[in-house]
Engineer: 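Here's a structure for you.
The structure presented is a predicted model; accordingly, all values stated were derived computationally and were not measured.
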Amino acid sequence: QVQLVESGGGLVQAGGSLGLSCAASGWTFSTTHMAWFRRVSGKEREFVARMTWSGASTYYADSVKGRFTISGDNARTTVYLQMNSLETEDTAVYFCAATSRRFGGSGERDYDDWGQGTQVTVSS
């Protein structure tokens, strides 16, 4: 099992930037895929971005493509989400997720471990 703790959330004006971090501990050596999801108040959690540790492949939701970047450190202990050109629609609680499965995906069920989330608020 992997423990995940997100940080870096806060309040930012539209058009600004914010960087999130996700610190992983526990059986991190077994993780194969990491992802970021978000939940807007009153809505279901949605996929934002994901990456594979081997090959460093990345995938993004259409709504954030070109604005957000997911990355990770070589030790597989921290995953980042750099968010640029933020929009008010990006306001949400952002969650980090991990899995040790062979294949990753963009659904909640593709991940086994989750952080508690960090709030991002974008003001107009």
Engineer: Are the side chains of Q3 and D113 in contact, using a 4.5 Å heavy-atom criterion?
Structural biologist: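 When only atoms from C-beta onward are counted, Q3 and D113 do not touch, as no gap falls below 4.5 Å.
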
Engineer: Mind listing the closest non-hydrogen atom pair of S17 and Q82 along with its distance?
Structural biologist: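 Result for this residue pair: CB-NE2, 3.9 Å.
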
Engineer: In the structure I gave you, are the side-chain heavy atoms of F68 and L86 within less than 4.5 Å of one another anywhere?
Structural biologist: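 Contact flag for F68/L86 side chains = yes.
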
Engineer: Return the OG1 to CZ distance between T118 and R38, rounded to the nearest 0.5 Å.
Structural biologist: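 Rounded to the nearest 0.5 Å, the OG1-CZ separation comes to 14.0 Å.
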
Engineer: Might you point out which heavy atoms bring Q119 and T121 nearest each other, and give the distance in Å?
Structural biologist: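 Distance-wise, the nearest heavy atoms are NE2-OG1, 3.4 Å.
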
Engineer: Heavy atoms only: give me the nearest T78-S21 pair and the separation to one decimal.
Structural biologist: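 Of all heavy-atom pairs spanning T78 and S21, the closest is CG2-CB, 4.4 Å.
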
Engineer: Please report the shortest heavy-atom distance between R101 and H33, naming the atom on each side.
Structural biologist: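 Reported closest heavy-atom pair: O-CD2, 3.4 Å.
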
Engineer: Working note: S123 + L11, criterion side chain to side chain contact (heavy atoms under 4.5 Å, CB included); need CA distance, chi angles, decisive distance, verdict.
Structural biologist: CA-CA 7 Å; S123 64; L11 175 64; 4.2 Å; yes

Engineer: Would you say that S71 contacts M34 through its side chain, given a criterion of any heavy-atom pair below 4.5 Å between the two side chains?
Structural biologist: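 Heavy-atom side-chain distance check fails, nothing below 4.5 Å.
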
Engineer: Nearest heavy-atom pair of A24 and V2: which atoms, and what distance?
Structural biologist: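 Closest approach of A24 to V2, heavy atoms only: CB-CG1, 4.0 Å.
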
Engineer: Give the intermediate values and the outcome of side-chain hydrogen bond (donor to acceptor under 3.5 Å, both in side chains) for residues T31 and W53.
Structural biologist: CA-CA 8 Å; T31 60; W53 284 119; 3.1 Å; yes

Engineer: Could you check whether any side-chain heavy atom of E89 comes within less than 4.5 Å of a side-chain heavy atom of V122, counting everything from C-beta outward?
Structural biologist: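 Not touching, per the 4.5 Å side-chain cut-off.
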
Engineer: Taking the side chain as everything from C-beta on, heavy atoms only, tell me whether E46 gets closer than 4.5 Å to E44.
Structural biologist: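 No; the side chains remain at least 4.5 Å from each other.
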
Engineer: Are T99 and T32 side-chain neighbours, meaning at least one heavy-atom pair lies under 4.5 Å?
Structural biologist: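 Contact flag for T99/T32 side chains = yes.
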
Engineer: Side-chain heavy atoms under 4.5 angstrom apart, residues restricted to Ile, Leu, Val, Met, Phe, Trp, Tyr: same cluster for L4 and L81?
Structural biologist: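 Result: yes, single cluster for both.
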
Engineer: Supply the atom-to-atom distance T52 OG1 to R102 CZ, rounded to the nearest 0.5 angstrom.
Structural biologist: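 Reported value, rounded in 0.5 Å steps: 13.5 Å.
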
Engineer: Under the 6.0 Å and 45° cation-pi test, does R45 pair with F95?
Structural biologist: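 Pair R45/F95 counts as cation-pi.
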
Engineer: With side-chain hydrogen bond (donor to acceptor under 3.5 Å, both in side chains) as the test, would you mind laying out the steps for D110 and S106 before giving the verdict?
Structural biologist: CA-CA 7 Å; D110 295 319; S106 302; over 6 Å; no

Engineer: Before we go on, tell me: are the rings of F47 and Y60 under 6.0 Å apart, centre to centre?
Structural biologist: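 Between Y60 and F47, which both carry aromatic rings, the centre distance is not below 6.0 Å.
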
Engineer: Can you hop from V64 to L20 via hydrophobic side chains spaced under 4.5 Å?
Structural biologist: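 Yes, V64 and L20 fall within the same hydrophobic cluster.
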
Engineer: What's the shortest heavy-atom distance between R50 and G104, and which atoms?
Structural biologist: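 Here R50 and G104 meet closest at NH1-C, 3.8 Å.
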
Engineer: Please round to the nearest 0.5 Å and tell me the distance separating atom OG of S30 and atom CZ of R76.
Structural biologist: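 One finds 9.0 Å between OG of S30 and CZ of R76.
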
Engineer: Would you check if Y94 and M83 make a side-chain contact, meaning some heavy-atom pair closer than 4.5 Å?
Structural biologist: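 With C-beta onward as the side chain, the pair touches.
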
Engineer: With heavy-atom distances below 4.5 Å as the criterion, would you say the side chains of I70 and W36 are in contact?
Structural biologist: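 Result yes, sub-4.5 Å side-chain heavy-atom pair found.
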
Engineer: With rounding to the nearest 0.5 angstrom, report the CG to OG1 distance, N84 to T69.
Structural biologist: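 One finds 6.5 Å between CG of N84 and OG1 of T69.
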
Engineer: Linking I/L/V/M/F/W/Y whenever their side-chain heavy atoms sit closer than 4.5 Å, directly or via other members, would V93 and Y80 fall into one cluster?
Structural biologist: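 Looking at the clustering, Y80 is in a separate group from V93.
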
